[in-house]
Enquirer: 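I have a structure I would like to understand better, so I am pasting it below and will then ask my questions one at a time.
Start at 1 with the first residue, then count along the sequence. All values derive from a computational prediction rather than experimental measurement. Order of listing sets the numbers, starting from 1, for every ligand and every atom in it.
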Amino acid sequence: MRDQIWLESRLDNIWKVLMPEVERKNKVIIRFKGRWKNKFGHIKKLNDGSSEIVVNSFFRHLDIPEYIIDTTIAHELVHYMHGFQSPYPRQYKHPHKGNIVNKELNKRGFEMLLKLEKEWIKTNWKSVYLSLA
Ligand SMILES: [Zn+2]
């Protein structure tokens, strides 16, 4: 099982690789939460001004490949960079309009990981989900 320390180190790593030029302007918290089938994570600005990234609790299990957690974190960090649930100015009207998240991830070298993610979800997620739920 993956723990909190592990998750925080994934966040730091992905941040460095994905968007080294983006300053961490507020406190960014990450934690496992929720047991969702159709949602892998989200980012939310909290009342104290920090941003909270949530990663599906099922992803604690080693049945889920590390790159699934990486792409989930990367997705939420793109929202942060685009000014959603973060101190940055909002760059777009809607967080997912026109596939902006994946476009940004592709531009930043995550294309292969996104392909792996898509393939793994298609082939494995349903059965893994059923075995854990
Ligand atoms: Zn999103």
Enquirer: Could you go through Arg2 and Glu66, starting from their C-alpha distance and side-chain angles, then the distance that decides it, and tell me whether this counts as salt bridge (charged side-chain N to carboxylate O under 4.0 Å, His left out)?
Expert: CA-CA 10 Å; Arg2 295 158 179 147; Glu66 247 176 56; 5.0 Å; no
Enquirer: Please identify each residue that fulfils side chain to side chain donor-acceptor pair (under 3.5 Å) with Ser50, with sequence neighbours left out.
Expert: Asp48
Enquirer: What residues form a salt bridge (charged side-chain N to carboxylate O under 4.0 Å, His left out) with Arg31, not counting sequence neighbours?
Expert: Glu52
Enquirer: I'd like to check the salt bridge (charged side-chain N to carboxylate O under 4.0 Å, His left out) partners of Glu117; sequence neighbours left out, ordered by chain and number.
Expert: none
Enquirer: Is any protein N, O or S atom closer than 2.8 Å to the Zn ion (ligand 1), and if so, which?
Expert: His75 NE2, His79 NE2, His96 NE2
Enquirer: For the pair His75 and His96, evaluate ring pair (Phe, Tyr, Trp, His ring centres under 6.0 Å) and give the outcome as yes or no after the intermediate values.
Expert: CA-CA 10 Å; His75 179 107; His96 295 113; 5.3 Å; yes
Enquirer: Apply salt bridge (charged side-chain N to carboxylate O under 4.0 Å, His left out) to the pair Arg108 and Glu21, showing each step before the final yes or no.
Expert: CA-CA 12 Å; Arg108 290 171 175 265; Glu21 86 287 8; 2.7 Å; yes
